[in-house]
Every structure is written in structure tokens, then in C-alpha cells.
Amino acid sequence: MTATDFEGRLREASLRVTQPRLAVLNAVHTHPHSDTESLIGAVREELPEVSHQTVYDSLHTLTAAGLVRRIQPLGSVARYESRVGDNHHHAVCRSCGVIADVDCAVGEAPCLHASDDNGFVIDEAEVIYWGYCPDCSTRS
Ligand SMILES: [Zn+2]
Ligand SMILES: [Zn+2]
């Protein structure tokens with residue numbers, strides 16, 4: 001992904017192209033599943049003067065526009081990724097908290113069918129796989 005690709009994404013979403021938004025998109029793309037603090041650090045490598053608030057605001061805007069996906073496993077702070085729209089899931093390490101992408105087994109939401117939908121029109125099943133990452137499972 002280049003700066004031009006990120007500009008295109010902002011324009012497609014009818015968002016104004018700004019330096020902080022481009023830098024935040026780039027940071028989220030380069031560091032998938034990062035939390036806000038790490039993203040601020042990454043954005044500052046490109047834009048040293050950027051404020052916390054600007055990064056927060058950009059993340060919020062990009063998430064609301066669907067360009068960035070926010071995930072928050074239990075016990076973790078919010079994390080962000082640029083892989084959106086494919087209903088992929090996550091595997092989370094119980095020990096160190098590292099997150100890995102897991103492709104949806106079915107390919108589209110909802111990938112699990114409720115045994116009883118209680119009359120709801122269900123469009124998504126939120127799936128998180130919990131366990132131990134390769135590093136943590138070999139260490140113990
Ligand atoms: Zn781990
Ligand atoms: Zn992911």
C-alpha cells in the first residue's frame with residue numbers, strides 16, 4: 001500500500017485527505033492489531049508534532065467510515081487493523097496478548113448459525129479463539 005492508495009481510500013469514503021489521517025492509516029496498515037499508544041508512536045515517526053487527540057480523532061473517524069476495524073478482546077485495550085470487510089476472526093494469546101488473524105471458516109458473516117435465533121435477524125457472530133501463541137506454548 002502506498003500513500004496514493006491511502007488517499008484513494010479516504011476519497012472513496014468521502015473523507016478529507018489530511019496528513020494525520022494518511023499517517024494513521026499507514027501506521028495501522030504497517031502495525032496490525034496495535035493499540036492506540038503504539039499507533040501514536042508509529043505516527044510520530046512520520047509526523048513528530050502530531051497530538052494524541054489528533055490520532056484519537058483520526059482513528060475514530062477512520063473506524064466510523066469503515067476503513068479501520070477496531071477490535072477489543074476481553075482484558076485488552078482497543079486495537080486497530082486495516083484489514084476490513086472480510087469477517088476474519090482473531091486468535092488471542094492468553095499469556096502475552098498477541099493477536100493473529102484467522103480467516104473466516106465460511107467466508108461470510110454470520111459464520112455460525114444460531115441454534116435458536118430468538119426471532120432476531122442475525123448478521124454477525126463474533127468469534128475469538130483463545131489459547132497460547134507459539135512462543136508462550138513452547139516456553140511453559
Ligand atoms: Zn503469547
Ligand atoms: Zn485482524
Side-chain angles (χ1 to χ4, degrees):
M1 293 280 287
T2 65
T4 323
D5 296 326
F6 294 130
E7 280 190 41
R9 287 205 177 185
L10 288 173
R11 292 217 170 85
E12 276 165 33
S14 307
L15 292 178
R16 209 154 47 82
V17 176
T18 65
Q19 288 307 317
R21 284 176 184 170
L22 287 175
V24 169
L25 264 182
N26 186 35
V28 172
H29 186 74
T30 319
H31 309 277
H33 312 129
S34 288
D35 61 15
T36 310
E37 286 307 312
S38 327
L39 290 170
I40 289 171
V43 170
R44 283 194 170 151
E45 285 174 19
E46 230 180 297
L47 299 174
E49 305 296 315
V50 80
S51 70
H52 276 234
Q53 193 58 46
T54 301
V55 175
Y56 282 118
D57 291 348
S58 298
L59 277 172
H60 182 84
T61 304
L62 295 170
T63 305
L67 297 181
V68 163
R69 178 174 164 193
R70 180 184 192 274
I71 53 170
Q72 188 164 19
L74 197 67
S76 167
V77 294
R79 290 153 180 275
Y80 298 88
E81 64 184 346
S82 61
R83 184 177 163 184
V84 294
D86 68 350
N87 194 50
H88 74 272
H89 307 300
H90 294 102
V92 184
C93 178
R94 289 187 193 280
S95 177
C96 70
V98 75
I99 299 177
D101 283 339
V102 180
D103 287 347
C104 176
V106 178
E108 62 193 36
C111 58
L112 289 177
H113 287 280
S115 53
D116 179 357
D117 63 18
N118 290 287
F120 283 52
V121 177
I122 290 173
D123 57 29
E124 182 183 349
E126 192 177 299
V127 177
I128 295 183
Y129 300 98
W130 291 94
Y132 295 92
C133 73
D135 282 351
C136 293
S137 60
T138 50
R139 199 176 302 138
S140 55

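All ligand and atom numbering here is 1-based and tracks the order in the structure.
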Name of the Asp101 atom (N/O/S only) found closest to the Zn ion (ligand 2):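 Closest N, O or S atom of Asp101 to the Zn ion (ligand 2): OD1.
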Atom of Glu81 nearest the Zn ion (ligand 2) (restricted to N/O/S, atom name only):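 When I compare the N, O and S atoms of Glu81, OE1 is nearest to the Zn ion (ligand 2).
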Geometry at the Zn ion (ligand 1) - Cys136 SG versus Cys93 SG angle, rounded to 10 degrees: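 Vertex the Zn ion (ligand 1), arms to SG of Cys93 and SG of Cys136: 110°.
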Ser82 OG to Asp5 CG distance, which is reported to the nearest 0.5 Å: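 Ser82 atom OG to Asp5 atom CG measures 11.0 Å (nearest 0.5 Å).
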Same apolar cluster: Val17 and Leu47, side chain cutoff 4.5 Å: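 Yes; tracing contacts between hydrophobic side chains, which count when under 4.5 Å, links both residues.
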Co-membership, hydrophobic cluster, residues Val68 and Val50, 4.5 Å side-chain: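 Hydrophobic grouping puts Val68 with Val50.
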Angular separation of His90 NE2 and His33 NE2 about the Zn ion (ligand 2), given to 10°: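 With the Zn ion (ligand 2) as the vertex, NE2 (His90) and NE2 (His33) sit 90° apart.
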2.8 Å cut-off met by an N, O or S atom of His89 to the Zn ion (ligand 2):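 So His89 does not bind the Zn ion (ligand 2) by this criterion.
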Derivation of the side-chain hydrogen bond (donor to acceptor under 3.5 Å, both in side chains) call for Asp35 and Ser38: CA-CA 6 Å; Asp35 61 15; Ser38 327; 2.5 Å; yes
Name of the residue among Arg79, Arg83, Glu81 meeting side chain to side chain donor-acceptor pair (under 3.5 Å) with His33: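 Only one of Arg79, Arg83, Glu81 forms a side chain to side chain donor-acceptor pair (under 3.5 Å) with His33, namely Glu81.
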